[in-house]
Amino acid sequence: MIELRQLRKHYKMGDSIVHALDGVDVHIAAGEFVSLTGASGSGKSTMMHLIGCLDRPTSGSYILDGVAVNKMSDRQLAVVRNRKIGFVFQTFNLINRTSAVDNVAVPLIYSRKTSTKAAAMAALEKVGLTPRASHKPSELSGGERQRVAIARAIVNEPKLILADEPTGNLDSRTGEQIMGIFHQLHEAGTTIVLVTHEMDVAAQAKRIIRMRDGKIVADEMLDDKKRSALQAEALRSPEPVGSPT
Amino acid sequence: MFLLRICMMAASSLRANLMRSVLACLGVIFGVAAVVSAMAILEGSTRDAVKRFETLGADQIIVTNGNDGQRRSRSVVRPSLTHPDSDALAELESVENTAPESIITAQIKHFEKNLSIQLLATNHNYTEINEYKTVRGRTLTKQDVTSGRKVCVLGHKVARGLFGETPAVGARVRIGGLGFTVVGVMEKKGFLGMRDVDEQVIIPLTTGLTRLFGSKYVQFITIQVKNSNELESVSQEVKRQMRVEHSIRAGEPDDFRVLTKEQITQNVGGFVDIMAIVLYSIAGISLVVGGIGITNIMLVSVTERTREIGVRMAVGAKRSDILLQFLLEAGVVSVFGGGLGVLLGRGFTKMLENVTVLLKTFTTPRSIMLALGMAFFTGVAAGLYPAFRASRLDPVEALRHE
């Protein structure tokens with residue numbers, strides 16, 4: 001599904017060059033549930049932007065679903081994002097002046113679908129928000145807003161869902177409900193890449209990739225034993241103050 | 001379908017910031033109001049003028065003082081037309097009748113009652129040429145004119161104003177300090193050419209010229225031709241005869257003008273054209289100013305909604321989609337302002353009509369569509385730069401924007 005080879009991303013910051021990604025090789029198969037984790041500045045956000053086709057690498061190749069996307073034009077990338085990728089953000093990023101169902105329908109508008117209502121309602125049903133369809137985001141709780149955002153991410157039935165700290169702005173109980181939805185999506189066959197610095201959230205995936213200084217430092221499959229060890233570790237060392245977004 | 005959805009999105013962001021949208025398109029509101037008013041006034045005055053000239057007979061030629069050259073060079077028109085000119089023209093084979101006419105504004109008095117009127121000094125042919133009839137008494141006779149009698153014929157409104165229901169014929173009135181006997185009252189007619197003849201009093205030309213007008217010249221001569229198909233050839237004949245009457249040598253310019261009804265209507269058209277240029281310039285300037293207002297507010301909107309633009313890009317909006325969305329949004333805001341402008345313009349013209357009474361306005365559906373179209377294009381043009389900025393945003397940067 002995702003194949004990254006020697007992926008690099010360099011930024012100019014004043015006179016110096018920042019190596020945000022410094023030669024990354026990753027292969028993620030279709031249907032995997034992967035956590036991407038690391039401290040602030042480790043390069044995980046850059047990695048997510050590249051995987052999400054929001055940005056292009058400085059060098060290296062990226063093959064998404066069998067297609068090389070690192071050489072695509074802005075216009076082609078927009079189509080790829082629309083059809084193959086669903087985004088879930090930490091701050092939900094809903095459009096506040098329109099209803100939940102209209103928010104969910106936005107990707108359909110850009111795929112030039114003529115009727116959007118039925119598909120948007122179906123997506124809302126999958127996240128259990130049918131009764132709140134006509135409410136505006138400001139009338140919904142945090143967890144409900146994130147569920148609207150997930151419905152928006154899945155409305156075009158993408159093969160890949162990219163979630164960037166999806167539980168970061170939620171309390172732990174609501175966060176668990178949201179994670180429950182990701183598990184359901186995973187079971188239905190969607191590939192999920194979850195970017196988070198919270199170890200107990202990351203531990204819920206089937207595979208965990210750890211990054212530091214633009215490089216991958218660990219990439220391991222999680223069995224139940226490793227998972228409970230990670231969760232225990234997360235409980236002992238509470239998350240640092242001033243967590244990155 | 002896609003366009004419709006984009007328009008609906010634009011409308012919803014307009015609603016979300018209703019007050020700001022109204023303020024943003026104030027310029028467009030006034031611009032469109034100006035366009036609508038301008039068109040209503042122009043259309044109204046053209047229609048009004050055409051309607052008035054419809055009342056002139058198609059078989060008439062009018063001779064006036066001055067010439068084309070003098071008219072252009074604003075110099076004072078030197079009068080040249082005389083009563084004998086009128087009689088000489090009446091002798092022409094192709095001419096049925098002629099009426100020399102001079103008009104001044106005057107006061108008419110009957111005991112305590114005092115009215116402001118148009119005083120027309122003319123001959124006995126005037127009423128016949130214009131198919132203008134009396135309802136009481138008689139109109140002027142040849143004798144009235146030749147012997148300079150102090151008699152007058154009252155227009156409909158004048159008779160009503162001075163005498164009400166009591167009979168007017170035979171009564172004595174004073175016009176410009178001179179005593180006259182009322183011999184007749186005219187029918188209700190309204191406009192004849194540019195004047196409301198119901199507010200007019202007719203006296204014999206000779207009496208008027210010698211005792212009241214202080215000039216031996218007449219202002220114009222109305223000629224009724226025998227055959228209205230020969231209007232052009234009779235015009236030429238009249239010109240020749242007038243040059244003979246005024247002893248103008250070959251090569252020297254005319255000291256008079258000969259006009260047919262068509263030419264007069266064209267003159268009105270020329271005046272309307274000048275008015276149109278002035279009014280449209282004002283309207284154009286306000287639309288440009290309105291456009292700048294929209295550009296300004298759209299730039300603010302793009303900055304405010306940077307994150308939204310990032311999200312839209314993330315879920316698959318192409319740069320061209322974002323461009324289109326903001327362009328249409330500017331267009332929709334502008335058309336919304338245009339709609340308010342049309343209402344304001346209609347209100348303004350109605351008010352003008354009521355206040356000035358004289359000014360006629362006429363709003364056509366075409367002029368409303370035109371004004372709304374102009375508003376839309378102003379909006380789209382004004383939205384170009386902000387929309388371009390929005391479409392060039394980097395999705396990653398836009399998503400990070402606070």
Side-chain angles (χ1 to χ4, degrees), chain A residues 9 11 20 45-46 48-50 52-56 73-99 102-117 136-138 149 151-156 158 162 164 245, chain B residues 1-21 300-329 332-333 336 387-402:
Chain A
K9 182 74 190 179
Y11 296 103
S45 291
T46 307
M48 195 205 83
H49 293 144
L50 288 176
C53 295
L54 290 166
D55 207 351
R56 268 184 292 249
S73 68
D74 284 354
R75 197 179 176 80
Q76 290 168 315
L77 287 180
V79 175
V80 169
R81 290 196 296 267
N82 186 247
R83 302 293 157 84
K84 294 191 176 173
I85 303 171
F87 286 91
V88 180
F89 304 95
Q90 178 176 2
T91 52
F92 325 130
N93 281 338
L94 300 174
I95 297 164
N96 286 320
R97 56 178 184 275
T98 57
S99 65
D102 285 342
N103 264 287
V104 174
V106 170
L108 297 170
I109 292 172
Y110 294 118
S111 11
R112 305 290 198 276
K113 293 271 165 61
T114 45
S115 65
T116 58
K117 190 94 177 176
K136 290 191 172 167
S138 56
R152 181 178 65 189
I154 62 174
V155 73
N156 246 344
L162 270 180
D164 183 12
T245 55
Chain B
M1 194 61 202
F2 177 67
L3 279 182
L4 187 73
R5 281 184 185 280
I6 294 270
C7 277
M8 279 161 61
M9 287 201 289
S12 92
S13 65
L14 186 154
R15 260 205 314 277
N17 260 318
L18 189 63
M19 196 58 207
R20 190 165 87 183
S21 306
V300 173
S301 172
V302 167
T303 308
E304 267 186 7
R305 286 157 66 191
T306 299
R307 210 187 169 96
E308 178 195 323
I309 294 165
V311 174
R312 288 184 184 277
M313 285 176 163
V315 302
K318 301 181 190 82
R319 295 197 184 280
S320 55
D321 294 338
I322 300 291
L323 184 81
L324 193 66
Q325 184 185 337
F326 278 87
L327 275 187
L328 280 179
E329 195 163 314
V332 167
V333 167
F336 164 76
F388 179 74
R389 284 249 302 235
S391 75
R392 297 318 299 172
L393 287 173
D394 173 35
V396 172
E397 291 296 321
L399 279 169
R400 273 200 204 120
H401 192 267
E402 288 305 314

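Naming convention: chains lettered A, B, ... in sequence-line order (proteins, then strands); numbering from 1 in each chain. In what follows, every heavy atom counts, from backbone to side chain, and hydrogens, waters and symmetry copies are set aside. Nothing here was measured: the structure is a model prediction, and the numbers come from that model.
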Shortest non-hydrogen separation from [X] to [Y] and the atoms involved:
X: G316(B); Y: N82(A); result: CA-CB, 3.5 Å
X: A317(B); Y: A78(A); result: O-CB, 3.8 Å
X: F89(A); Y: A314(B); result: CZ-CB, 4.1 Å

_Contact origin within R400(B) toward chain A - heavy atom pairs under 4.5 Å_ = side chain
*Where on Q325(B) is there a heavy atom nearer than 4.5 Å to chain A: the side chain, the backbone, both, or neither?*
side chain
_With side chain to side chain contact (heavy atoms under 4.5 Å, CB included) as the criterion, how do R97(A) and R15(B) come out once you've worked through the C-alpha distance, each side chain's angles and the decisive distance to 0.1 Å?_
CA-CA 9 Å; R97(A) 56 178 184 275; R15(B) 260 205 314 277; over 6 Å; no
*Under the criterion side-chain contact (heavy atoms from CB on, under 4.5 Å), which of N103(A), I95(A), N93(A) is the partner of V311(B)?*
N93(A)
Below 4.5 Å from any heavy atom of chain B, which atoms of [X] appear? Answer side chain, backbone, both or neither.
X: R83(A); answer: neither
X: S111(A); answer: neither
X: T114(A); answer: both
X: S115(A); answer: backbone

Distance, nearest 0.5 Å, that separates [atom1] of [X] from [atom2] of [Y]:
X: R5(B); Y: Y110(A); atom1: CZ; atom2: OH; answer: 11.5 Å
X: I109(A); Y: R312(B); atom1: CD1; atom2: CZ; answer: 7.0 Å
X: R319(B); Y: L77(A); atom1: CZ; atom2: CG; answer: 9.5 Å

_Enclosure of K136(A) NZ (heavy-atom neighbours >12, cutoff 6.0 Å)_ = no
*Tell me, with the steps shown, if R112(A) and D321(B) meet side chain to side chain contact (heavy atoms under 4.5 Å, CB included).*
CA-CA 11 Å; R112(A) 305 290 198 276; D321(B) 294 338; 3.0 Å; yes
*Take D102(A) and M9(B) through the test side chain to side chain contact (heavy atoms under 4.5 Å, CB included) and record every step on the way to the result.*
CA-CA 10 Å; D102(A) 285 342; M9(B) 287 201 289; over 6 Å; no
*Relative to chain B, which of P107(A), G52(A), C53(A), P158(A) shows the most heavy atom pairs under 4.5 Å?*
P107(A)
